[in-house]
> 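Before I ask anything, let me first share the structure, which is written out below as structure tokens.
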Amino acid sequence: QVQLVESGGDLVQSGGSLSVSCVASGRIASIRNMGWYRQAPGKERELVARITSGGETNYADSVKGRFTISRDNAKKLVTLQMNRLNPEDTAVYYCNAEILQTTWDLARNYWGQGTQVTVSS
């Protein structure tokens with residue numbers, strides 16, 4: 001079984017910073033794209049940032065210049081550093097990863113359980 005476990009969600013004041021991390025464990029041959037999504041109350045889940053196995057990144061327009069995604073392939077870890085947070089960033093943040101459990105497997109999409117980020121005004 002593959003698990004993605006997030007950590008780091010918290011309550012922060014507007015303008016503050018926070019880092020959330022996600023580590024993958026289990027039977028894993030390789031990990032392709034890793035990313036962070038978020039879902040605010042009453043809204044659909046949206047992509048926040050994504051990073052390829054080679055380190056290429058892309059971001060939602062709303063977080064460009066404020067958030068930075070990074071990964072440590074050896075540790076199977078992806079981190080989202082969030083700066084200049086504002087109340088509109090309040091959401092449950094979900095880790096996502098495309099994982100092959102064997103070298104001949106197809107990549108499958110896995111999700112973490114989510115971590116709450118709340119930004120107070």
> Does the side chain of Val23 reach to within under 4.5 Å of the side chain of Glu6, using non-hydrogen atoms?
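Val23 vs Glu6: side chains apart.
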> Under the side chain to side chain contact (heavy atoms under 4.5 Å, CB included) test against Ile28, which residue among Val2, Leu100, Thr102 passes?
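The passing option is Val2.
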> For a quick check under 3.5 Å, do Asn83 and Ser17 share a side-chain donor-acceptor pair by atom type?
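Yes, side-chain donor-acceptor contact under 3.5 Å.
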> Tell me whether Tyr37 is reachable from Ile99 by hopping between hydrophobic residues (I, L, V, M, F, W, Y) whose side-chain heavy atoms are closer than 4.5 Å.
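As far as the 4.5 Å side-chain criterion goes, Tyr37 and Ile99 are not connected within one cluster.
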> Please report the closest heavy-atom contact between Leu4 and Ala24, naming both atoms and the distance.
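For Leu4 and Ala24, the tightest heavy-atom pair comes out as CD2-CB, 3.4 Å.
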> Quick check against the 3.5 Å criterion: does Tyr93 have a side-chain atom that pairs as donor or acceptor with the backbone of Val48?
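Flag not set: sc Tyr93 to bb Val48 has no pair under 3.5 Å.
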> If I take atom OG1 from residue Thr68 and atom CD from residue Gln81, how far apart are they, to the nearest 0.5 angstrom?
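Reported to 0.5 Å precision, the distance equals 7.0 Å.
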> Please check if Leu47 and Trp111 belong to a single hydrophobic cluster, counting links between Ile, Leu, Val, Met, Phe, Trp and Tyr side chain heavy atoms closer than 4.5 Å.
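Yes; tracing contacts between hydrophobic side chains, which count when under 4.5 Å, links both residues.
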> Under 3.5 Å, is there a donor-acceptor pair between the Asn58 and Glu56 side chains?
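No.
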> What verdict does the side chain to side chain contact (heavy atoms under 4.5 Å, CB included) test give for Cys95 and Trp36, after you've listed the backbone C-alpha separation in whole Å, the side-chain angles of each residue and the deciding distance to 0.1 Å?
CA-CA 5 Å; Cys95 175; Trp36 287 95; 4.1 Å; yes
> Going by heavy atoms in the side chains, are Ser19 and Thr79 under 4.5 Å from each other?
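Sidechains of Thr79 and Ser19: in contact.
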> Given side chain to side chain contact (heavy atoms under 4.5 Å, CB included), test Val20 with Ser7 step by step and report yes or no.
CA-CA 6 Å; Val20 290; Ser7 61; over 6 Å; no
> Could you go through Phe67 and Asp89, starting from their C-alpha distance and side-chain angles, then the distance that decides it, and tell me whether this counts as side chain to side chain contact (heavy atoms under 4.5 Å, CB included)?
CA-CA 11 Å; Phe67 290 11; Asp89 296 316; 3.9 Å; yes
> Check Ser53 against Asn73 and note the closest heavy-atom contact, atom names and distance.
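Looking at all heavy atoms of both residues, the closest pair is O-ND2, 3.3 Å.
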> Would you say Ser120 and Pro87 make side-chain contact, with heavy atoms under 4.5 Å?
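Side chain of Ser120 against side chain of Pro87, heavy atoms only: no contact under 4.5 Å found.
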> Do Ser70 and Val78 have side chains that get closer than 4.5 Å, going by heavy atoms?
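The answer is no; the side chains never approach within 4.5 Å.
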> Within this structure, what is the CZ-CG distance for the pair Arg27 and Asp105, rounded to the nearest 0.5 Å?
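Those atoms lie 8.0 Å apart.
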> Quick check on the hydrophobic clustering: are Tyr94 and Met34 connected, directly or via other members, by side-chain heavy-atom contacts under 4.5 Å?
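Cluster IDs for Tyr94 and Met34 differ.
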> Going by atom types alone, do Asn86 and Arg84 pair a side-chain donor with an acceptor below 3.5 Å?
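No, because no side-chain N or O of Asn86 sits under 3.5 Å from a partner of the opposite role on Arg84.
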> For Glu88 and Thr90, which I'm curious about, is there any donor-acceptor pair between the side chains at under 3.5 Å?
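Side chains of Glu88 and Thr90: no pair found under 3.5 Å.
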> What are the two closest heavy atoms between Gln116 and Ala91, and how far apart are they?
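Heavy-atom minimum between the residues: NE2-O, 3.4 Å.
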> Should Val12 and Val63 be counted in the same cluster of Ile, Leu, Val, Met, Phe, Trp and Tyr side chains packed under 4.5 Å apart?
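Yes.
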> For residues Tyr110 and Gln1, determine if any side-chain heavy atom of one lies less than 4.5 Å from a side-chain heavy atom of the other.
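In short, these two side chains do not touch, never coming nearer than 4.5 Å.
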> Do Ile31 and Lys76 come close enough that some side-chain heavy atom pair is under 4.5 Å?
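Side-chain contact under 4.5 Å: yes.
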> Tell me if the CD atom of Gln3 is crowded by more than 12 foreign heavy atoms within 6.0 Å.
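12 or below, so no.
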> Carefully, step by step, assess Ile51 and Asn33 under the rule side chain to side chain contact (heavy atoms under 4.5 Å, CB included).
CA-CA 6 Å; Ile51 184 167; Asn33 295 336; over 6 Å; no
> Keeping Gln39 on the side-chain end and Lys43 on the backbone end, is there a donor-acceptor pair under 3.5 Å?
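Yes, Gln39 side chain to Lys43 backbone: donor-acceptor pair under 3.5 Å.
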> By side chain to side chain donor-acceptor pair (under 3.5 Å), which residues pair with Glu46, not counting sequence neighbours?
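Listed in chain order: Arg38.
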> Is Ile69 linked to Leu85 within one hydrophobic cluster, defined over Ile, Leu, Val, Met, Phe, Trp and Tyr using a side-chain heavy-atom separation of less than 4.5 Å?
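Per the 4.5 Å side-chain linkage, Ile69 and Leu85 are co-clustered.
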